[in-house]
Protein chains: 2
Amino acid sequence: MLKDITCSSEINPEEFKRFKMKYNGWVDRINEELDRLIPENNSPQGSIYDAMRYSLMAGGKRLRPVLAIAVSEMLGGDIEKVLPFACAIEMIHTYSLIHDDLPCMDNDDYRRGKPTNHKVFGEAQALLAGDALLNRAFEVMAESISRVPENAVEGVNAMRVIAEASGTKGMIGGQVIDIKSEGKAIPGELLLYMHKCKTGALIKASVLSAAVICRADTETMKILEEFVECIGLAFQIKDDILDVEGNSKVMGKNTGSDAAKSKSTFVSVYGLNQSKKMLLELTDQAAGCISGFGEKAWFLKSLTKYLAIREM
Amino acid sequence: MLKDITCSSEINPEEFKRFKMKYNGWVDRINEELDRLIPENNSPQGSIYDAMRYSLMAGGKRLRPVLAIAVSEMLGGDIEKVLPFACAIEMIHTYSLIHDDLPCMDNDDYRRGKPTNHKVFGEAQALLAGDALLNRAFEVMAESISRVPENAVEGVNAMRVIAEASGTKGMIGGQVIDIKSEGKAIPGELLLYMHKCKTGALIKASVLSAAVICRADTETMKILEEFVECIGLAFQIKDDILDVEGNSKVMGKNTGSDAAKSKSTFVSVYGLNQSKKMLLELTDQAAGCISGFGEKAWFLKSLTKYLAIREM
């Protein structure tokens with residue numbers, strides 16, 4: 001939800017209002033669907049649903065599913081077709097946060113202003129809740145594909161895009177490099193590669209899986225790939241800047257945590273000023289990529305701008 | 001591999017020889033395919049592949065993939081079509097063992113005679129190796145489906161069967177009940193339900209997903225469902241008996257671990273004699289279920305017998 005964010009001077013108030021309304025409308029639809037896909041349950045193992053829902057419904061930005069839906073709308077696709085995949089991506093993102101927060105990983109106590117999953121449900125159930133969200137993500141995609149057999153090929157291809165992005169060549173691979181680099185200064189090239197895997201890959205999959213479902217042609221796929229590589233990297237640089245300059249109350253988590261853990265970040269490697277310059281350049285480049293879509297790209301352009309000026 | 005197991009007096013030596021050759025031939029094919037699907041890798045995150053392979057190639061019985069292949073052969077299906085799904089199930093089984101062994105779960109130091117994954121690779125990488133195996137399982141299924149688009153619907157349905165079995169209604173659900181029951185005496189009914197979820201569901205999915213890929217009719221599905229429910233339960237009862245009576249050297253893990261952890265087992269709830277009686281009855285019932293397939297069912301009948309007399 002973007003409800004609590006005020007309009008920055010760098011974005012036109014009317015445009016921001018229109019953007020915010022659209023964004024929040026989609027977030028409502030996504031939340032409604034996530035709630036339906038992982039309902040409360042009173043079987044003997046019902047507590048696992050509580051643990052899954054605790055993190056899944058904790059009010060994240062829903063950036064990845066919104067991106068998927070926005071791409072689908074821009075390409076003239078049916079939003080309801082992309083929604084199960086968008087929700088699956090959010091489940092995968094949430095599982096990665098639960099596992100990342102565990103004591104054997106980042107050992108974080110707070111996330112989005114609330115105690116982390118293992119602080120509430122214990123380590124064993126938090127581990128299983130993460131596993132269950134990843135498993136459910138693929139189950140949801142498979143269910144969606146078997147409901148519309150005539151689009152099975154696009155659906156399976158979209159699933160492959162997502163699975164590759166969340167696996168060892170993508171998100172998990174990035175996490176491996178992250179834990180192995182902790183406490184070390186790493187070269188800029190490896191930092192870039194790590195973030196391309198750790199956060200970039202799933203953001204990219206949000207855009208490209210939606211494009212696959214909309215049967216986008218090769219040229220469109222190429223444009224969207226460049227666009228999302230820019231915003232994925234910009235997103236991470238902004239995160240690193242916020243960890244230094246952000247307001248911990250607004251963000252719902254401690255700032256300065258990267259430095260405390262001696263993690264290499266864009267700020268520690270390139271400095272604050274250079275990082276801000278890179279953020280601006282990537283934001284401009286992203287907007288340029290999709291300019292050919294004209295008015296249809298208005299939402300993605302606003303989103304790109306918003307991601308660079310967000311306060312959380 | 002069954003290579004080191006001698007023939008018991010309860011099984012005809014000629015039949016056992018034929019069974020063992022067939023079983024081991026399939027295990028070789030499964031191992032070859034698993035090795036191909038998760039190869040060594042020297043990217044910056046290459047160590048995660050080592051961690052995945054360490055547990056995946058640790059010489060498990062491969063019961064689940066062998067079951068899938070055996071059902072496919074009995075139904076006249078193409079074994080190569082079912083192989084990616086069989087391998088995916090083995091990946092899911094392996095990830096569940098890695099996560100189960102973690103300190104926050106069962107905290108086990110040995111598995112199949114070797115130090116557990118986290119003892120070798122550390123907790124963080126063991127956690128991620130488990131995640132990566134689950135993720136790769138679905139990626140492998142999706143890749144296989146998109147290679148043969150004309151069978152996409154059966155493939156996606158088989159994937160749904162597997163995803164449901166490994167999720168909160170199946171394996172993960174059973175693990176939740178297991179961790180919540182530790183140190184407590186639980187009623188026989190809940191014990192049955194727990195094992196139906198924890199081990200039974202994925203064994204069942206091995207049989208039913210293969211049947212789905214072979215386009216088995218409703219009557220065949222029903223027969224196979226009863227068959228696999230019997231052997232799934234028999235398998236767990238035998239495990240509990242082995243934990244009391246087994247030879248830890250043969251099994252490659254400590255016996256008596258259930259009692260040490262005050263876990264409820266079939267032996268602790270029903271006693272050793274009653275458990276052995278249940279095992280025999282279930283074995284007979286399973287063999288009876290598939291008698292209608294005649295000579296085509298020979299392998300599954302031998303397997304059923306073998307599962308009841310195995311020493312590990």
Side-chain angles (χ1 to χ4, degrees), chain A residues 38 41 43-49 52 92 95-96 99 102-105 118 122-132 134-143 145-146 149 152-153 155-157 159-160 162-164 166-169 171-177 179-180 190 193-194 197, chain B residues 38 41 43-49 52 92 95-96 99 102-105 118 122-132 134-143 145-146 149 152-153 155-157 159-160 162-164 166-169 171-177 179-180 190 193-194 197:
Chain A
I38 302 182
N41 181 295
S43 65
Q45 64 265 44
S47 60
I48 192 74
Y49 294 82
M52 293 162 84
I92 293 172
Y95 114 77
S96 79
H99 282 188
L102 283 170
C104 70
M105 298 279 287
H118 63 274
E123 278 183 58
Q125 278 213 82
L127 170 68
L128 292 172
D131 292 347
L134 175 57
N135 195 93
R136 182 73 181 132
F138 284 102
E139 192 181 9
V140 163
M141 289 188 272
E143 282 169 4
I145 296 168
S146 64
V153 174
V156 171
N157 286 337
M159 192 195 271
R160 282 184 64 179
I162 294 165
E164 186 167 330
S166 55
T168 47
K169 287 179 187 164
M171 191 178 72
I172 294 175
Q175 286 170 310
V176 172
I177 300 172
I179 55 168
K180 291 177 79 174
L190 185 59
Y193 176 73
M194 176 181 94
C197 294
Chain B
I38 302 183
N41 181 295
S43 64
Q45 64 265 44
S47 60
I48 192 72
Y49 294 83
M52 293 162 83
I92 292 172
Y95 114 78
S96 79
H99 281 188
L102 282 171
C104 70
M105 298 280 288
H118 62 273
E123 278 185 58
Q125 278 212 82
L127 170 68
L128 293 173
D131 293 347
L134 175 58
N135 194 94
R136 182 74 181 130
F138 284 103
E139 192 181 8
V140 162
M141 290 188 269
E143 282 170 3
I145 297 167
S146 64
V153 173
V156 172
N157 286 337
M159 193 196 271
R160 282 185 64 179
I162 294 165
E164 186 167 329
S166 55
T168 48
K169 288 178 188 164
M171 190 179 72
I172 294 175
Q175 286 171 309
V176 171
I177 299 171
I179 54 167
K180 290 176 81 174
L190 185 59
Y193 176 74
M194 177 180 93
C197 295

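Proteins come first, then strands; the chains are lettered A, B, ... in the order of their sequence lines, and each starts at number 1.
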Among B/E164, B/M52, B/M171, B/H118, single out the residue with the greatest number of heavy-atom pairs under 4.5 Å to chain A. B/E164

Measure the spacing between OG of B/S47 and CD1 of A/I177 and express it to the nearest 0.5 Å. 9.0 Å

Note, B/L102 side chain near A/E123 side chain (heavy atom, < 4.5 Å): no

Would you mind checking which part of A/M141 comes under 4.5 Å of any heavy atom in chain B, side chain (CB onward), backbone (N, CA, C, O), both or neither? neither

Between atom CE of B/M194 and atom CD of A/Q45, what is the distance when rounded to the nearest 0.5 Å? 11.5 Å

Between A/I48, A/N41, A/D131, A/I172, which shows the greatest number of heavy-atom pairs under 4.5 Å with chain B? A/D131

What distance do B/F138 atom CZ and A/I162 atom CD1 have between them, rounded to the nearest 0.5 Å? 13.0 Å

Minimum side-chain heavy-atom gap B/R136-A/T168 below 4.5 Å: no

Could you check which of B/P149, B/A132, B/S166 has the highest count of heavy-atom pairs closer than 4.5 Å to chain A? B/S166

Top residue by heavy-atom pair count (under 4.5 Å) with chain B, among A/G173, A/A152, A/G155, A/C197? A/G173

Within a radius of less than 6.0 Å around NZ of B/K180, do more than 12 heavy atoms belonging to other residues, nucleotides or ligands occur? yes

When rounded to the nearest 0.5 angstrom, what is the spacing between CG in B/N157 and OG in A/S146? 5.0 Å

So A/R160 and B/E139, do their side chains get closer than 4.5 Å, heavy atoms only? no

Between A/I145, A/L134, A/V153, who has the most heavy-atom pairs with chain B when the cutoff is under 4.5 Å? A/L134

At a heavy-atom distance under 4.5 Å, which candidate from B/N135, B/I92, B/V156 has the highest pair count against chain A? B/N135

Cut-off 4.5 Å, heavy atoms of chain A, and the answer for B/S43 is side chain

Engaged part of B/L190 at the chain A interface, taking heavy atoms whose separation is under 4.5 Å: side chain

Do the side chains of A/M105 and B/L128 get nearer than 4.5 Å, heavy atoms only? yes

Which word best sums up how the rings of A/H99 and B/H99 line up, parallel for under 30°, tilted for 30 to 60°, or perpendicular for over 60°? perpendicular

